[in-house]
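Presented below is the structure to which this report refers.
Below, chain A is the first sequence line, B the second, and so on; all start at residue 1. Since we're looking at a predicted model, the values are computed, not measured.
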Amino acid sequence: MKKSFTQILMDWHRYQNDREMPWKGEKKPYRIWLSEIILQQTRVEQGMGYYHRFIEQYPTIQDLAKAPDQEVFKLWEGLGYYNRCRNLLHTAREIVHQRKGIFPDTYEDLLALKGVGPYTAAAIASFAYNLPYAVVDGNVFRVLARYMGVDTPTDSTEGKKIFHDLAYQMLDKKEPALYNQAIMDFGATVCKPMSPLCAACPLQNGCAALSTGKVNQLPVKEKTLQRRTRYFNYFILEYRQKIWVQQRTAKDIWQQLFEFYLVETEKQVRWDHSLIQNWLRDQLNIHEPVIGKIAEPLLQQLTHQQIKGQFIHLQLKQKPASLKGGDWKTVAQIQELAFPKLITSYLSQLKS
DNA sequence: ATCCGGCTGT
DNA sequence: ACAGCCGGAT
């Protein structure tokens, strides 16, 4: 009897999969949920350290729920997609306060949690409770698209349905947790996006893409994202050992993170002393600033935008009355706040 | 220097 | 349908 896709995958997982992750085999829903939220849009290697720090600092969901926002954001700093952090806190508090700390244990209830979509609900349902839900993530799209030779775009409405149906069809209904882990690990280590290991692949015999030479063309995506460029000019305003910072609250990138005084411009500005002086005088009524370092612009690539960030250090002789919405903080206070990567990487390169 | 991969909320 | 980050690979 020929072995099925599912059986081959399960055998590979059992005998050849040596990918280790700290949450593998984990059964506590809190830990599984936490690891899945951290791993959304994030590589395992990058998320690992964050996972350990979160578990150490917040061993239970009660610990997380009672933590101050700012502390959690600081721990999340650098991971990106800061909405995930907001949703993480929201959901922790909801579970503790509305559900007596008891984690939901059905797919529908999991899906209703903020920050939990179909993928994460299926992951928690299967890993924590061994319920028969198939995860559909980028790995699953890739493995199924190649093995089955499906060229329907994965980001189309039709494609989503096709791949969900296929994923459920292939799921090992008796061992959903093991199967889901198997297919994702397989996609990550064998059926990789670039240079997949087809020669050593246990599924090579039945692979449609391999036999038609289309491995490198699958999976298909229909949308190519558009990027716009924005210019963020940060004035690092210093007055008596304190620096002015504000929290980002607008409906924009980096919500709830902190930043220095921001001047956003349409185009690259070539800042020189007279331009800076005029700008400060006209916009903030600041006179006779001591202009320090004018750093080279830094690039930050976001999902749909490219940020060109420039930092300019200024020491002020008087406290400007016209600054609104922010605060003067000491360096020690600033270290407690979470900043976007653009800013933390600028600050860290300052020291070195 | 540029490209690529990775889910959820509105 | 579209917007949100970062690191590693190329």
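- Counting only distance, with no hydrogens or angles, the side chain of A:Arg19 and the backbone of A:Ala188 share no donor-acceptor pair below 3.5 Å.
- The stretch residues 81-91 of chain A comes close to DNA chain B through A:Tyr81, A:Asn87, each having a heavy atom under 4.0 Å from the strand.
- Non-hydrogen atoms lying under 4.0 Å from DNA chain B are contributed by A:Asp137, A:Gly138, A:Asn139, A:Arg142, all within residues 130-156 of chain A.
- In 5' to 3' order, the nucleotides of DNA chain C bounding all contacts with chain A (an atom under 4.0 Å from a heavy atom) are C:dA3 to C:dT10.
- Among the atoms of the strands shown, only primed sugar atoms or phosphate atoms (P, OP1, OP2) are found under 4.0 Å from some heavy atom of A:Ile253.
- The existence of a salt bridge linking A:Glu71 and A:Lys74 is excluded, since no basic side-chain nitrogen approaches an acidic carboxylate oxygen closer than 4.0 Å.
- In terms of the salt bridge (Lys or Arg N to Asp or Glu O under 4.0 Å) criterion, A:Asp137 has no residue partners (sequence neighbours excluded).
- Within the structure, side chain to side chain donor-acceptor pair (under 3.5 Å) contacts touching residues 203-215 of chain A (residues at least two apart or in different chains) do not occur.
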*Check the pair A:Thr344 / A:Glu77 against side chain to side chain donor-acceptor pair (under 3.5 Å), numbers first and verdict last.*
CA-CA 9 Å; A:Thr344 56; A:Glu77 185 183 58; 5.5 Å; no
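- Less than 4.0 Å separates DNA chain C from at least one heavy atom of each of the following residues of residues 187-199 of chain A: A:Met194, A:Ser195.
- Of the possible polar contacts, one joining the A:Arg84 side chain to the A:Ile38 backbone as a donor-acceptor pair under 3.5 Å is found.
- Residues passing the side-chain hydrogen bond (donor to acceptor under 3.5 Å, both in side chains) test with A:Tyr346, sequence neighbours excluded: A:His313.
- In this structure, A:Thr157 and A:Leu302 both approach DNA chain C, and ranking their closest nucleotides by distance from the 5' end singles out A:Thr157.
- Residue A:Leu298 is not grouped with residue A:Leu314 when hydrophobic side chains (ILVMFWY) are merged at heavy-atom distances under 4.5 angstrom, including chains of intermediate members.
- Using a 4.0 Å heavy-atom cutoff across all strands shown, A:Gln255 reaches no nucleic acid atom at all.
- Between the side chain of A:Lys308 and the backbone N or O of A:Phe232, no donor-acceptor pair lies under 3.5 Å.
- In this structure, A:Asp151 and A:Gln217 have side chains that are not in contact, with every pair of non-hydrogen atoms separated by 4.5 Å or more.
- Non-hydrogen atoms lying under 4.0 Å from DNA chain B are contributed by A:Leu113, A:Lys114, A:Gly115, A:Val116, A:Gly117, A:Pro118, all within residues 106-118 of chain A.
- Between A:Tyr261 and A:Phe235, the ring-plane angle classifies as tilted under the 30° and 60° cut-offs.
- Applying the side chain to side chain donor-acceptor pair (under 3.5 Å) definition to pairs two or more places apart or across chains, those involving residues 317-332 of chain A are A:Thr330-A:Gln333.
- Residue pairs meeting the ring pair (Phe, Tyr, Trp, His ring centres under 6.0 Å) criterion with at least one partner in residues 173-231 of chain A, sequence neighbours excluded, are A:Trp12-A:Phe186.
- Residues A:Pro340 and A:Glu222 both approach DNA chain C. Their nearest nucleotides, taken by heavy-atom distance, put A:Glu222 toward the 5′ side.
- A heavy-atom distance below 4.5 Å is found between the side chains of A:Phe5 and A:Leu144.
- Formation of a donor-acceptor pair under 3.5 Å by the A:Arg31 side chain with backbone atoms of A:Trp23 is not found in this model.
- Protein chain A contacts DNA chain B from B:dC4 to B:dG9, reading 5' to 3' and using non-hydrogen atoms of the protein with a distance under 4.0 Å.
- Paired with A:Thr154 under the rule side chain to side chain contact (heavy atoms under 4.5 Å, CB included), one option of A:Glu222, A:Lys160, A:Lys221 passes, and it is A:Lys221.
- A 4.5 Å side-chain heavy-atom check between A:Val331 and A:Ile334 finds every atom pair outside the cut-off.
- A:Leu79 comes within 4.0 angstrom of the backbone, heavy atoms only, and of no base.
- Evaluation of the side chain to side chain donor-acceptor pair (under 3.5 Å) test over residues 44-53 of chain A, restricted to residues two or more places apart or in two chains, returns none.
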